[in-house]
Amino acid sequence: MSSAADATKPLCGRPTMPRLLPWIALPIYLAIGTAAAVTPTIDGVAKPGEWAGARREKLVGGGEVWLLRAGNDLYVAVEGSGTGFPSLCVGDADRVEVLHASAALGTVAYQRGAKAWSRGPGFEWRVRDLPEPAPTLSTDRESFLKEQRWLANTSRTGAPFREFRIILDAGRRFLGVVFLSTNGMQAAYWPASVNDGCRDMDLLRGEAPHSVELTPSRWHDIE
């Protein structure tokens, strides 16, 4: 089974980010932009109009994250400062999922116990980016979204721009965003208060430890 470290080849080019209106700081209860009629297609290409109205924030360490809400869907775009791969931590006070997108997609969940946060099954890599797209890719993506309730674009070359769609529920309240650069293996993150196991280097490489320390209430409150 390949790990997230497969996505370390040099990137030939970077997608061009569309020009958006400058972000104006709003109160926390208006923190996430509201999608217009056109919602983003999860393909790693920021098409004109898709991300209009999105909230844009700088990653600590370089890069940017965009946030856009459309009903029960949260769209997240992550642009690193170079090649690499993102991990999103999403959950509540008792359970956290780590959504990892590199050359393939994988989910791992941690449950809060009396003394520590413990991992369930490890990453199972799916929807892999291959030199020749698999004939079942579209079906595989639909199946992954239905089962895992999230989707992102994959890139075996470590493309720095990634798009996520997350189907929200009551358990997906807090969000932490991390982008691991393969140039120097440095992690950029948002918000600045993410200072826990969401930034664990083994976890970011797709080698989920059995236990990590997590403080979801210090992340971004999606509500």
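Heavy-atom basis, side chains included; hydrogens, waters and symmetry copies ignored.
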F144 six-ring centre to R126 NZ/CZ under 6.0 Å and within 45° of normal:
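Ring-cation test returns no.
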Does the plane of the ring in W190 sit parallel, tilted or perpendicular to the ring in H220? Use 30° and 60° as the thresholds.
tilted
Does the plane of the ring in W125 sit parallel, tilted or perpendicular to the ring in H100? Use 30° and 60° as the thresholds.
perpendicular
Is any side-chain heavy atom of [X] closer than 4.5 Å to a side-chain heavy atom of [Y]?
| X | Y | value |
| --- | --- | --- |
| V127 | L105 | yes |
| I166 | L99 | yes |
| V90 | F174 | no |

In sequence, state the C-alpha distance, the side-chain angles, and the governing distance for T107 and W150, and then conclude on side chain to side chain donor-acceptor pair (under 3.5 Å).
CA-CA 9 Å; T107 309; W150 71 276; 2.7 Å; yes
Between [X] and [Y], does any side-chain donor sit less than 3.5 Å from a side-chain acceptor?
| X | Y | answer |
| --- | --- | --- |
| D196 | T215 | yes |
| S118 | S211 | no |
| E163 | W66 | no |

Evaluate the salt bridge (charged side-chain N to carboxylate O under 4.0 Å, His left out) criterion for residues E64 and R56: first the C-alpha distance (whole Å), next the side-chain angles of each, then the deciding distance (0.1 Å), finally the verdict.
CA-CA 7 Å; E64 197 170 51; R56 299 173 65 171; 3.0 Å; yes
At their closest point, which heavy atom of R205 faces which heavy atom of F85, and how far apart are they?
CA-CE1, 4.3 Å
Check the pair D73 / R165 against salt bridge (charged side-chain N to carboxylate O under 4.0 Å, His left out), numbers first and verdict last.
CA-CA 7 Å; D73 288 338; R165 175 188 173 189; 3.1 Å; yes
